[in-house]
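Since this is a predicted model, take the numbers as computed values, not measurements. Any value given below was found using the heavy atoms of this structure, including those in side chains, with hydrogens, waters and symmetry copies removed.
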Amino acid sequence: SDVINLTITDAPFINTITNQTVCANNADAAILATQNSVATAWQWSTAGTGTFDTPTALGANYTPSAADTAAGSVVLNISTTAQGSCLAVNQSMTLSITDAPFIDAGAGQTVCANNANTTLLATNNSVASGYQWSSSGTGTFDTPTALGAIYNPSEPGDTTGSPAIITLNISTTAQGNCLSVNDDVSITITDAPTVDAGAGSTVCADSPVANLAGSSTNAGGVTWTSLGDGTFSLATDPAATYSAGDADTTAGFAVLTLTTTGSGTCTEVASNVTVTINPGIFVEAGPAQSVCANNALVILAGNVSGGTTNTGTWSTDGTGTFDNINSMTPTYTPSDADTADGSIILTLGSTVNGLCNQVTDFMVLTIDNAIVVDADLSQTTCANNPNAVLNGTVSGGTTNTGVWTSDGGGSFNPIGTTLNATYVPNAADTTDGLIVLTLTSTNNGTCLAVSDVINLTITDAPFINTI
């Protein structure tokens with residue numbers, strides 16, 4: 001007989017390989033098979049379409065293909081290829097591929113520099129659970145770790161430029177074994193509107209119209225408003241005129257506001273200007289006066305006040321003269337032509353009027369006729385019949401009355417105020433032989449008293465000597 005030895009060697013084996021899970025955006029998987037050293041060669045294979053960097057080594061890196069990623073998992077297998085007389089063995093594992101995180105910062109926005117707070121809302125696929133906003137500028141986020149946040153640009157940093165463009169970025173900060181992802185959004189910051197109501201102005205109450213000079217930039221238009229009761233020529237015209245109302249004039253000023261309109265996403269802005277309304281000029285020429293032709297000098301009593309003046313000048317529609325046309329209380333002397341006309345108009349006009357229009361006032365000066373007194377004709381009477389019947393007249397002015405007087409010692413009958421009285425001489429008058437009788441006007445008003453005289457001659461009475 002003969003014998004042989006049958007040697008039975010260990011069979012090759014490969015230890016169980018732990019399944020792995022990777023993220024689609026970080027999917028390269030490092031795999032390592034372990035075995036009992038029976039086999040001396042190996043081969044990795046995949047049920048998918050990815051690739052191994054070292055497919056014949058126990059340790060390899062597997063890079064999934066797009067199809068593997070789309071499928072969500074792939075089975076990887078390693079087989080022995082050199083194991084002597086042993087049969088080949090293999091071992092498999094499953095590589096699971098989860099979705100990569102996705103984030104969208106949202107659409108770009110345009111905001112205005114004076115209303116620049118920007119509401120943000122990023123969207124994602126719920127893979128990540130932490131986020132962080134950041135800015136290329138120097139502004140701040142109210143909730144920088146939330147998908148929804150409000151960005152408050154800084155000034156002037158973020159708003160510098162015309163327009164200024166700020167890039168905001170959101171990135172994931174908690175995404176498991178995935179790589180962080182991020183997305184940008186651009187915020188365009190346009191210039192804010194500006195408005196200037198112009199410089200304040202001063203007008204006079206007698207002509208309270210102010211010329212305005214407003215201006216604006218980056219606005220669709222403007223509109224004027226007033227806290228008073230005046231009106232604008234055109235409220236949407238920056239160069240409108242403003243006519244002050246009675247309440248404005250009483251207050252002495254009006255506050256006007258110029259506000260921008262049509263500024264889009266911008267906050268409308270406003271500017272104020274004050275129109276000062278000086279009091280109007282007041283002129284008073286004084287009350288009408290009446291004078292008499294024989295006493296025609298008149299002292300005037302004018303007044304100029306208000307505005308910025310207290311001066312004025314007098315004028316006449318006659319031909320008389322003022323002693324000082326710039327005095328408020330001049331003396332006016334009517335001319336003969338004024339007297340003949342019977343009335344004239346004296347006008348006081350303001351001067352140094354500043355912003356105000358000239359204001360005038362007038363008074364009427366009536367010149368009454370002078371008093372005319374006529375004592376009639378001188379008379380001659382006889383000593384034995386000396387009484388003289390008088391026939392005086394008083395007219396003109398505002399009177400028709402008078403009084404008789406004598407330089408003698410006689411009397412008037414019935415009384416001296418009877419224009420057609422009888423003068424009764426006394427013995428002394430008869431002896432003197434010549435008496436002057438004077439008729440003088442009374443109730444003269446503004447006129448000077450006027451007198452006229454007659455002579456009363458008393459001749460000797462006839463006599464016959466004693467026979």
Side-chain angles (χ1 to χ4, degrees), residues 114-115 192-264 266-288 300-315 317 325-329 345-364:
N114 73 351
N115 187 28
T194 65
V195 67
D196 183 358
S201 61
T202 301
V203 297
C204 183
D206 67 5
S207 181
V209 178
N211 295 316
L212 305 176
S215 61
S216 66
T217 62
N218 306 320
V222 293
T223 186
W224 286 101
T225 55
S226 170
L227 295 177
D229 62 341
T231 58
F232 297 93
S233 58
L234 181 62
T236 55
D237 180 4
T241 59
Y242 180 72
S243 299
D246 291 341
D248 293 339
T249 301
T250 300
F253 66 94
V255 177
L256 311 181
T257 301
L258 184 62
T259 305
T260 58
T261 60
S263 301
C266 297
T267 299
E268 304 297 355
V269 293
S271 174
N272 293 337
V273 63
T274 299
V275 175
T276 301
I277 306 165
N278 285 339
I281 297 173
F282 173 79
V283 175
E284 175 59 56
L300 304 175
N303 178 54
V304 176
S305 61
T308 56
T309 186
N310 59 1
T311 62
T313 185
W314 288 95
S315 61
D317 68 348
I325 63 172
N326 298 314
S327 170
M328 293 295 102
T329 56
I345 295 175
L346 304 181
T347 300
L348 177 60
S350 61
T351 57
V352 192
N353 298 295
L355 296 169
C356 297
N357 295 324
Q358 185 187 49
V359 178
T360 61
D361 188 38
F362 69 89
M363 55 88 68
V364 176

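- Checked against side-chain hydrogen bond (donor to acceptor under 3.5 Å, both in side chains), T347 has no partners two or more places apart in sequence or in another chain.
- In this structure, the side-chain hydrogen bond (donor to acceptor under 3.5 Å, both in side chains) partners of T257, at least two apart in sequence or on a different chain, are N272.
- Scanning for side-chain hydrogen bond (donor to acceptor under 3.5 Å, both in side chains) contacts around N353 gives S350, with sequence neighbours left out.
- Other residues, nucleotides and ligands place no more than 12 heavy atoms under 6.0 Å from the CZ atom of F253.
- Taking both residues in full, the closest heavy atoms of P279 and A205 are given as C-CB, 4.0 Å, listed atom of the first, atom of the second, then distance.
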N/O donor to acceptor pairs below 3.5 angstrom from side-chain atoms of residues 243-252, sequence neighbours left out:
| unit_1 | atom_1 | unit_2 | atom_2 | d |
| --- | --- | --- | --- | --- |
| D248 | OD1 | D229 | N | 3.2 |
| D248 | OD2 | G230 | N | 3.2 |
| D248 | OD2 | Y242 | OH | 2.5 |
| D248 | OD2 | G245 | N | 3.1 |
| T249 | OG1 | G245 | O | 3.0 |
| T250 | OG1 | D246 | O | 3.0 |

task: With side-chain contact (heavy atoms from CB on, under 4.5 Å) as the test, would you mind laying out the steps for L256 and V275 before giving the verdict?
output: CA-CA 8 Å; L256 311 181; V275 175; 3.7 Å; yes
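- At a threshold of 4.5 Å between non-hydrogen side-chain atoms, the residues I281 and Q358 do not count as touching.
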Which atom pairs, one a donor and one an acceptor, fall under 3.5 Å between side chains of residues 209-218 and the rest of the protein, sequence neighbours left out?
| unit_1 | atom_1 | unit_2 | atom_2 | d |
| --- | --- | --- | --- | --- |
| T217 | OG1 | T194 | OG1 | 2.3 |
| N218 | ND2 | A192 | O | 3.0 |

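- When all heavy atoms are compared, the tightest approach of G198 to V273 is O-CG2, 3.5 Å.
- A heavy-atom distance below 4.5 Å is not found between the side chains of L348 and T313.
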task: Could you walk me through whether E268 and T260 pass the side chain to side chain donor-acceptor pair (under 3.5 Å) test, one step at a time?
output: CA-CA 5 Å; E268 304 297 355; T260 58; 2.6 Å; yes
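- Scanning for side-chain contact (heavy atoms from CB on, under 4.5 Å) contacts around D206 gives C204, C356, N357, V359, with sequence neighbours left out.
- Distance check: L355 CG to S201 OG gives 9.0 Å after rounding to the nearest 0.5 Å.
- With rounding to the nearest 0.5 angstrom, the CG atom of N115 is 10.5 Å from the OG atom of S263.
- The shortest distance between side-chain heavy atoms of L346 and F362 does not fall below 4.5 Å.
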Do any side-chain atoms of residues 300-310 form donor-acceptor pairs under 3.5 angstrom with protein atoms, and if so which ones, sequence neighbours left out?
| unit_1 | atom_1 | unit_2 | atom_2 | d |
| --- | --- | --- | --- | --- |
| T309 | OG1 | T311 | N | 3.1 |
| T309 | OG1 | T311 | OG1 | 3.0 |
| T309 | OG1 | T351 | O | 2.6 |

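- For T329, the side-chain contact (heavy atoms from CB on, under 4.5 Å) criterion is met by S327, not counting sequence neighbours.
- For residues 215-251, there are no disulfide (SG to SG under 2.5 Å) pairs, not counting sequence neighbours.
- Scanning for side-chain contact (heavy atoms from CB on, under 4.5 Å) contacts around L234 gives T236, D237, with sequence neighbours left out.
- With contacts defined as side-chain heavy-atom distances shorter than 4.5 Å, the pair V283/T360 does not qualify.
- Residue A285 comes nearest to D361 through the heavy atom pair N-OD2, 2.8 Å, listed as atom of the first residue, atom of the second, then distance.
- T241 is linked by a side-chain hydrogen bond (donor to acceptor under 3.5 Å, both in side chains) to S233, counting only residues two or more places apart in sequence or in another chain.
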